[in-house]
Amino acid sequence: MILPGDEPCPLYVVDEGPKDAPALVFAHALGADLTMWDAVLPFLPKTLRIIRMDMRGHGQSPCPDGPYPMADLVRDTAAALDRLKVKDCAFVGLSIGGIIAQGLAAERPDLIRALILSNTAVKIATPEVWAARITEVKAQGIEAVLGPNMQRWFARATHRDRPELIHHAADIMRATPLAGYLGCMAAIADTDLYESTARLTLPTLVTAGSEDGSTPADLVRELTDLIPGSTFELIRKSGHMSPVEQPEIYAAALTRFLDVTKHV
């Protein structure tokens, strides 16, 4: 059995497209899984190798006992890319996936040549906020935070016109193992990547949702002040789950960035 902090946790990975093509890697949000990118894929260039993975404690990946240090989540991802013999990928991370992306770019620059940081920050909320949420989830289960999360995750128009997207996201969050959800919450609570992210120099696209209640656009935009030469795009009519709500617009932003960085 692989334990947190001992060896990397093997991750469930979906690897599609030509193995010799430029790799585009996706890391999902807390309480989600790799299917959150499904709607984006049809709008991306067909010349890419698309790699999606479930982080530990989520989806079809193993769920070690928590809590998880963020460094372990970064190591899990690095080990998965090493096993796939991936170098110089473009890495897309949303929310905690974006935190993992920042940590990976700092620790293993050989793996990443370009970053897409979506609906994320160097530090999300405060340890006190996370401690309260962790206590609530331990006492009442994921259902305790499900409603507030869905409110933060999706734009008003989505709640009104496309409730099926919210129901699907809620079902995936309910299916997330409790230990995995709590473990990753603890990882976010203990993480502040200001210093290491400020040293990054690789091409970076930062995207935010105009109605994101988890990582507001102004918070996300601060990443562009830290990373020299980075660019920012606001995805309108979306909350925290921009790729789910606006997949075509989100994919277009990614494609423009990949064109500019010649990663197609």
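Just so you know, these numbers come straight off a predicted model, no measurement behind them.
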**OP:** For side chain to side chain contact (heavy atoms under 4.5 Å, CB included), just list the numbers for T255 and L44, CA-CA rounded to whole Å, side-chain angles, deciding distance to a tenth of an Å, and then say yes or no.
**Re:** CA-CA 7 Å; T255 301; L44 294 173; 4.0 Å; yes
Got more than 12 heavy atoms from elsewhere within 6.0 Å of [atom1], [X]?
X	atom1	value
K46	NZ	yes
R156	CZ	no
F43	CZ	yes
E164	CD	yes
K87	NZ	yes
R236	CZ	no

Kindly indicate whether the side chain of [X], heavy atoms from C-beta on, has any atom under 4.5 Å from the side chain of [Y].
X	Y	value
L84	K19	no
W37	P247	no
M70	L193	no
R152	H240	no
D190	P69	no
V145	E136	yes
T224	L226	no
L34	Q60	no

Is there a path of hydrophobic side-chain contacts, each under 4.5 Å between heavy atoms of I/L/V/M/F/W/Y residues, joining [Y] to [X]?
X	Y	result
V260	L254	no
I100	V14	no
L219	I227	no

Any side-chain donor near an acceptor of the partner, [X] and [Y], under 3.5 Å:
X	Y	result
E233	T207	no
H58	D33	no
D212	T215	yes
S118	Y250	yes
E245	T158	yes

List the atom of [X], the atom of [Y], and the distance in Å for their closest heavy-atom pair.
X	Y	answer
P64	A179	O-CB, 4.4 Å
A208	N119	C-ND2, 4.2 Å
V13	A80	CG2-CB, 4.4 Å
M55	C184	SD-SG, 3.6 Å
V86	A23	CG1-CB, 4.1 Å
A125	W130	CB-NE1, 3.5 Å

Salt-bridge present ([X], [Y]; N to O < 4.0 Å):
X	Y	result
E211	K237	no
R52	E16	yes
R256	D259	no

Looking at [X] and [Y], would you say the former's side chain and the latter's main chain have a donor-acceptor pair under 3.5 Å?
X	Y	result
T126	V129	yes
R113	T261	yes
T176	I172	yes
D54	Y12	no
T135	A131	yes
Q102	G98	yes

Subject >> Mutual orientation of the aromatic rings belonging to F154 and H159 [parallel < 30°, tilted 30-60°, perpendicular > 60°] >> reply: perpendicular
To the nearest 0.5 Å, how far apart are [atom1] in [X] and [atom2] in [Y]?
X	Y	atom1	atom2	result
S95	W153	OG	CH2	7.5 Å
T77	E107	OG1	CD	12.0 Å
I188	Y68	CD1	OH	12.5 Å
D88	L111	CG	CG	8.5 Å
K123	T197	NZ	OG1	13.0 Å
H168	D171	NE2	CG	7.5 Å

Given side chain to side chain contact (heavy atoms under 4.5 Å, CB included), test L115 with L200 step by step and report yes or no.
CA-CA 10 Å; L115 274 178; L200 297 179; 3.9 Å; yes
> Could you go step by step and tell me if L117 and I99 meet the side chain to side chain contact (heavy atoms under 4.5 Å, CB included) rule?
Replying inline: CA-CA 8 Å; L117 302 176; I99 298 176; over 6 Å; no
For L24 and F91, what are the C-alpha separation, side-chain angles and deciding distance, and is it a side chain to side chain contact (heavy atoms under 4.5 Å, CB included)? CA-CA 6 Å; L24 182 63; F91 197 103; over 6 Å; no
